[in-house]
A.B. asks: 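This is the structure, below, for whatever I ask next.
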Amino acid sequence: MKLLLDFGNTRLKYAVYEGHTKINAGIIADLTVESIRQIPYFAQVESIHLSTVIDIPSPLSKLFSAKLVPNQLVIPGKDYDVSSLGEDRILLALGAGPSHLTICLGTCITYNLTDESHAFVGGAISPGIGMRGKAMHEQTAKLPHLIPQINYPHFGDNTASNLLAGVMAGVEFEIKGFVEEAQKRIPNLQIVLTGGDAQYFEHLYPVDPDLVWKGMLI
Ligand SMILES: Nc1ncnc2c1ncn2[C@@H]1O[C@H](COP(=O)(O)OP(=O)(O)O)[C@@H](O)[C@H]1O
Ligand SMILES: CC(C)(COP(=O)(O)O)[C@@H](O)C(=O)NCCC(=O)O
């Protein structure tokens, strides 16, 4: 049994795999040894794969060390310095395969583009949905909290629906713009969405919640 961990800036995700079959998945409350030990099957886990874009406290590093398997984070860059890429983005690009634009809607939105030889050829980072809503609420006197919804308008007719349109439709238009640019560069491009907010855009492109896990299991 393998424990896969994906520590992002908002959520700490885990999945337990037997071979290539996912048998459990969820969210860890915090970066403590107790929370990790509470993961189902933890005692039976033979190896641990970790992707993190945040610092790991040393008690956790010690807990993981005996079973930690290094990820095969090898992806060539074409006119791209891949040494600066976040681990999560490398795993997404590896998990998706060649000629893919992976769009991860998490704390930030990342765009990760591979070509037909599976080289990383370009990307973008923009503020995530939560971050956009929070920034507008916190940096204005009168704008309320954004409540994301699947059924968002392209134009609003009151303050709440203007916020919804600005953030949700704004992200839709942003995604479509990056897809259009990527299609000019990569023939037969495939597009896949992932991350905590991907569900809001499943009417646009396919969603794969397991892309990071797939990248780890290659
Ligand atoms: N229960 C939840 N708790 C926190 N964020 C959630 C939850 N459900 C959906 N989200 C959304 O998912 C986003 C985080 O997605 P995720 O892919 O886990 O990000 P990260 O990898 O950056 O931690 C948040 O910005 C939020 O908009
Ligand atoms: C861009 C990110 C902040 C995204 O993190 P997330 O929103 O998934 O928590 C993370 O992948 C990161 O810190 N990357 C390092 C810089 C880079 O990828 O270029």
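Remember, it's 1-based here, ligands and their atoms both numbered in the order they're listed.
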A.B. asks: Would you kindly say whether S84 and D81 are connected by a side-chain donor-acceptor distance under 3.5 Å?
C.D. replies: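 No, no side-chain donor-acceptor pair sits under 3.5 Å.
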A.B. asks: Should you measure from each heavy atom of L85, which atoms of ligand 2 turn up under 4.0 Å away?
C.D. replies: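 Close to L85: 17 (C), 18 (O).
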A.B. asks: Would one find more than 12 heavy atoms of other residues, nucleotides or ligands at under 6.0 Å from atom NE2 of H145?
C.D. replies: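 No, not enclosed.
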A.B. asks: Just need the protein heavy atom nearest to atom 8 (O) of ligand 2, so name the residue and atom and give the distance.
C.D. replies: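 Ranking protein heavy atoms by distance from atom 8 (O) of ligand 2, first comes D88 OD2, 3.1 Å.
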A.B. asks: So, the side chain of D115 versus the backbone of A119: is there a donor-acceptor pair under 3.5 Å, distance only?
C.D. replies: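 Pair found, side chain donor or acceptor close to backbone of A119.
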A.B. asks: Of all the atoms in ligand 2, which lie at a distance below 4.0 Å from a heavy atom belonging to T107?
C.D. replies: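 Counting atoms of ligand 2 from 1, those under 4.0 Å from T107 are 7 (O), 9 (O).
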A.B. asks: Side chain to side chain contact (heavy atoms under 4.5 Å, CB included) between M136 and L146: does it pass, once the steps are laid out?
C.D. replies: CA-CA 9 Å; M136 286 196 287; L146 169 80; over 6 Å; no
A.B. asks: Checking side-chain contact (heavy atoms from CB on, under 4.5 Å) between P148 and each of R132, Q199, M168, which is the one that passes?
C.D. replies: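 For P148, the side-chain contact (heavy atoms from CB on, under 4.5 Å) test succeeds with only one of R132, Q199, M168, which is M168.
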A.B. asks: Does the N or O separation between C104 and ligand 1 drop below 3.5 Å for any pair?
C.D. replies: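 The answer is no, given that C104 and ligand 1 share no N or O pair closer than 3.5 Å.
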A.B. asks: Using distance alone, decide if ligand 2 has a nitrogen or oxygen within less than 3.5 Å of any nitrogen or oxygen in G86.
C.D. replies: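 Yes.
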A.B. asks: Can an N or O of T10 be found at a distance shorter than 3.5 Å from an N or O of ligand 2?
C.D. replies: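 There is no such contact.
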A.B. asks: Is there a heavy atom of K13 sitting under 4.0 angstrom from any atom of ligand 1?
C.D. replies: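 Yes; K13 lies near enough to ligand 1 that a heavy-atom distance drops under 4.0 Å.
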A.B. asks: To which protein heavy atom is atom 22 (O) of ligand 1 closest, and what is the distance rounded to 0.1 Å?
C.D. replies: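 The closest heavy atom on the protein side is T107 OG1, 2.5 Å.
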A.B. asks: Starting from atom 24 (C) of ligand 1, what is the nearest protein heavy atom, named by residue and atom, and what distance separates them?
C.D. replies: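 Sorting protein heavy atoms by distance from atom 24 (C) of ligand 1 puts D197 OD2, 4.0 Å first.
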A.B. asks: When you measure from atom 7 (O) of ligand 2 to every protein heavy atom, which one gives the shortest distance, and what is it?
C.D. replies: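 Result for atom 7 (O) of ligand 2: C108 N, 2.8 Å.
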A.B. asks: Considering non-hydrogen atoms of the protein only, which is the closest contact for atom 12 (C) of ligand 2, and what is the distance?
C.D. replies: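 Nearest protein contact, heavy atoms only, for atom 12 (C) of ligand 2 is V53 CG1, 4.1 Å.
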A.B. asks: List every atom of ligand 1 that sits less than 4.0 Å from any heavy atom of G195, numbering the atoms from 1 in the order shown and giving each element.
C.D. replies: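 Counting from 1, the qualifying ligand atoms are 17 (O).
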A.B. asks: Identify which of G196, G106, A198 has a heavy atom lying nearest to atom 9 (C) of ligand 1.
C.D. replies: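 Shortest heavy-atom distance from atom 9 (C) of ligand 1: G196.
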A.B. asks: Is it true that the side chains of Y14 and N24 contain a donor and an acceptor less than 3.5 Å apart?
C.D. replies: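 Side chains of Y14 and N24: pair found under 3.5 Å.
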A.B. asks: Just checking, is any N or O donor in the side chain of Y152 or E172 under 3.5 Å from an acceptor N or O on the other one?
C.D. replies: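 Note: Y152 and E172 side chains meet the donor-acceptor criterion.
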A.B. asks: Among protein heavy atoms, which lies nearest atom 16 (C) of ligand 2, and at what distance?
C.D. replies: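 Looking only at protein heavy atoms, the one closest to atom 16 (C) of ligand 2 is S84 O, 3.4 Å.
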A.B. asks: Flag Q199 as yes when one of its N or O atoms lies below 3.5 Å from any N or O atom of ligand 1, and as no otherwise.
C.D. replies: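 In this structure, Q199 places no N or O atom under 3.5 Å from an N or O of ligand 1.
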A.B. asks: Which pair of heavy atoms, one from N71 and one from S51, lies closest together, and at what distance?
C.D. replies: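 In terms of heavy atoms, the two residues are closest at ND2-N, 4.2 Å.
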A.B. asks: Does the side chain of S35 come under 3.5 Å of the side chain of T32 through a donor N or O and an acceptor N or O?
C.D. replies: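 Yes, T32 and S35 have a side-chain donor paired with an acceptor closer than 3.5 Å.
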A.B. asks: Using a 4.0 Å cut-off to any heavy atom of G8, which atoms of ligand 1 qualify?
C.D. replies: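 In order of number, 20 (P), 21 (O), 23 (O).
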A.B. asks: Starting from atom 3 (N) of ligand 1, find the nearest protein heavy-atom neighbour and note its residue, name and distance.
C.D. replies: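 Answer for atom 3 (N) of ligand 1: R11 CD, 3.7 Å.
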A.B. asks: Show, in sequence, the C-alpha distance, side-chain angles and deciding distance for L31 and L12, and conclude whether the side chain to side chain contact (heavy atoms under 4.5 Å, CB included) test is met.
C.D. replies: CA-CA 8 Å; L31 282 175; L12 311 167; 4.0 Å; yes
A.B. asks: Say whether E174 and Y111, considering side chains only, have a donor N or O and an acceptor N or O under 3.5 Å apart.
C.D. replies: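 Present: a donor and an acceptor within the cut-off.
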A.B. asks: When you measure from atom 2 (C) of ligand 2 to the protein, is at least one non-hydrogen atom found at a distance under 4.0 Å?
C.D. replies: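 Flag for atom 2 (C) of ligand 2 set to false, no protein heavy atom closer than 4.0 Å.
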A.B. asks: Identify which of D81, I54, N9, T52 has a heavy atom lying nearest to atom 6 (P) of ligand 2.
C.D. replies: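 Selected option, by shortest heavy-atom distance: N9.
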A.B. asks: Supply the atom-to-atom distance Q190 CD to Q183 CD, rounded to the nearest 0.5 angstrom.
C.D. replies: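 Reported to 0.5 Å precision, the distance equals 11.0 Å.
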